[in-house]
Peer 1: 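Here it is, the structure, as structure tokens.
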Amino acid sequence: MKIGMICYPTFGGSGVVATELGLALGKKGHKVHFITYSQPTRLDFFNENLYYHEVDILSYPLFQYAPYETALASKMVDVVKYEKLDLLHVHYAIPHASAGYMAKQILKYHGIEIPLITTLHGTDITLVGKDPSFEPVVTFSINQSDGVTAVSENLKEDTYAHFEIEKDIRVIPNFIDLERFKKLKKEHFKTAICPNGEKLIIHTSNFRKVKRVEDVVHVFKKLREKMPVKLLLVGDGPERAKVENMCRECNDCDDIRFLGKLEMVEEVLSVADLFIMPSEKESFGLAALEAMACEVPVLSSNAGGLPELNIDGFSGFLCNVGDIDCMVDKAMEILDDKNLPTFKKNALSRAKDFEMSKILPMYEQFYEEILSNMHSEATV
Ligand code: GMT
């Protein structure tokens, strides 16, 4: 199959999923054409089945806001026409689904029928998409997609609850490459960070409000009164400066380290004892899955799709959003030496349920279904 893959090429979860999906499809012999505004990270090498088309936007003094959606739709039209793609798969509804719809209509005018598949990832539905400034366009473009997927049952339900959707939504969860995400021998990192045998807690995110990074610090502070612990905060984003100030004011600088964005996050996950994800909303929680694959138990909120990933009392625990005391109690239970080895083993076992080889065929089958529906409609 020749697939056009449209995503945000940044550190965000939807971009990671789209890139990993494209890479995996390429390995299986499909031709994957990434159409994005910059080269996705992890795609900076040659592979005979992977192609990259950059969306460039003409700069013009009249444009206070550069019309990215128009440039993206034009690039999709160009790539579909000249690379003879079989389908377009857009990740994150805004603005990719409406740009895809526009491209599809233009191609139709030129006599080319191409199916459009939209994957909903989370904040495109639960936060941004609901805003009245986007809602009518999001609803319309989801309904006009030939196939729609969501990364959890919860996100599917949220989509039906908040938008007037007539389409069936197929749930295809996030997946993990266990060849890459596995516990690596990095004991020297552990010795450097925790010289006195402290337990190591980790959080990785894009430091947006929805991630509640402050809760991680509150839990850590209370936990430190009870046992020797260190905290690593990985990633960057709008809330980082606030959280950093919060740590400085309390003289916690030696026990809490901010590592910024890390390309090889699996290296530090490999030496962690507990991953905390206290999110306000989280459609799936890819970062928690990455931690589990590296044998790190997860203490998460019970928001969104997190209960579909993290099994309470098995791979970690779930607490209500903002319930710091619950999180401290559960962290102590996980970090107890008599429990920790079991939680670590269980975390890996749960991650295996989302192994790429189990999830990739779901996308391939969905592509086949959508293509065959389209062909049967054309012959009626
Ligand atoms: O907020 C993020 O983590 C980034 C965001 C995105 O769309 O780029 O991630 C969402 O998509 C991921 C991949 O499907 C999911 O694993 C995350 O749970 C989801 N984030 C939220 O729902 C907040």
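Read the numbers this way: they start at 1 and go in the same order the structure lists the ligands and their atoms.
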Peer 1: Less than 3.5 Å between some nitrogen or oxygen of Gly13 and one of ligand 1, yes or no?
Peer 2: yes
Peer 1: Salt bridge check, Lys104 against Asp146: does any charged N sit closer than 4.0 Å to a carboxylate O?
Peer 2: yes
Peer 1: Could you tell me whether Lys221 and Glu225 make a salt bridge, using a distance below 4.0 angstrom between a side-chain N and a carboxylate O?
Peer 2: no
Peer 1: For atom 14 (O) of ligand 1, what is the nearest protein heavy atom, given as residue, atom name and distance?
Peer 2: His121 ND1, 2.7 Å
Peer 1: Is Thr126 in polar range of ligand 1, meaning some N or O pair under 3.5 Å apart?
Peer 2: no
Peer 1: Any donor-acceptor pair under 3.5 Å linking the side chain of Asp86 with the backbone of Lys2?
Peer 2: yes
Peer 1: Run through Glu355, Glu266, Glu267 and flag the one making a salt bridge (charged side-chain N to carboxylate O under 4.0 Å, His left out) with Arg180.
Peer 2: Glu266
Peer 1: For ligand 1, indicate whether the residue Tyr8 contacts it via side chain, backbone, both or neither (heavy-atom separation under 4.0 Å).
Peer 2: neither
Peer 1: For atom 20 (N) of ligand 1, what's the nearest protein heavy-atom neighbour? Residue, atom name and distance, please.
Peer 2: Glu282 OE2, 3.1 Å
Peer 1: With the threshold set at under 4.0 angstrom, would you say Arg208 reaches ligand 1 through any of its heavy atoms?
Peer 2: yes
Peer 1: Between Asp273 and Lys190, is the closest basic N to carboxylate O distance under 4.0 Å?
Peer 2: yes
Peer 1: Below 4.0 angstrom from a heavy atom of Thr123, which ligand 1 atoms are there? Numbered from 1 as shown, please.
Peer 2: 23 (C)
Peer 1: Do Thr191 and Glu187 have a side chain donor and acceptor closer than 3.5 Å?
Peer 2: no
Peer 1: Can you list the ligand 1 atoms lying under 4.0 Å from a non-hydrogen atom of Asn206?
Peer 2: 1 (O), 2 (C), 3 (O), 4 (C)
Peer 1: For ligand 1, which atoms sit closer than 4.0 Å to a heavy atom of Leu286?
Peer 2: 16 (O)
Peer 1: Would you say ligand 1 has an N or O under 3.5 Å from any N or O of Gly122?
Peer 2: no
Peer 1: Under 3.5 Å between any N/O of Lys211 and any N/O of ligand 1: does that happen in this structure?
Peer 2: yes
Peer 1: Which heavy atom of the protein is the closest neighbour of atom 6 (C) of ligand 1, given with residue, atom name and distance?
Peer 2: Ser14 N, 3.4 Å
Peer 1: Would you mind telling me if ligand 1 is within reach of the side chain of Lys281, the backbone, both or neither, using heavy atoms under 4.0 Å?
Peer 2: backbone
Peer 1: To which protein heavy atom is atom 16 (O) of ligand 1 closest, and what is the distance rounded to 0.1 Å?
Peer 2: Asn174 OD1, 2.7 Å
Peer 1: State the atoms of ligand 1, each with its element, that fall below the 4.0 Å cut-off from a heavy-atom position in Tyr92.
Peer 2: 7 (O)
Peer 1: Does this structure show an ion pair linking Lys209 with Glu280, if we count only N-O contacts that are shorter than 4.0 Å?
Peer 2: no
Peer 1: Hey, is Lys156 close enough to Asp168 for a salt bridge, meaning N to O under 4.0 Å?
Peer 2: no
Peer 1: Apply salt bridge (charged side-chain N to carboxylate O under 4.0 Å, His left out) to the pair Glu364 and Lys28, showing each step before the final yes or no.
Peer 2: CA-CA 10 Å; Glu364 286 178 293; Lys28 288 189 83 175; 2.7 Å; yes
Peer 1: Any nitrogen or oxygen of Val151 lying under 3.5 Å from a nitrogen or oxygen in ligand 1? Just yes or no.
Peer 2: no
Peer 1: How far apart are the C-alpha atoms of Ser283 and Ser152, what are their side-chain angles, what is the distance that settles it, and do they pass the side-chain hydrogen bond (donor to acceptor under 3.5 Å, both in side chains) test?
Peer 2: CA-CA 6 Å; Ser283 64; Ser152 63; 5.2 Å; no
Peer 1: Return a yes/no value for Phe284: is any of its N or O atoms, backbone included, closer than 3.5 angstrom to an N or O of ligand 1?
Peer 2: yes
Peer 1: Which ligand 1 atoms does Ser283 reach within 4.0 Å, using its non-hydrogen atoms?
Peer 2: 15 (C), 17 (C), 18 (O), 19 (C), 21 (C), 22 (O)
Peer 1: Is any side-chain N of the basic residue among Glu295 and Lys182 closer than 4.0 Å to the acidic one's carboxylate O?
Peer 2: no
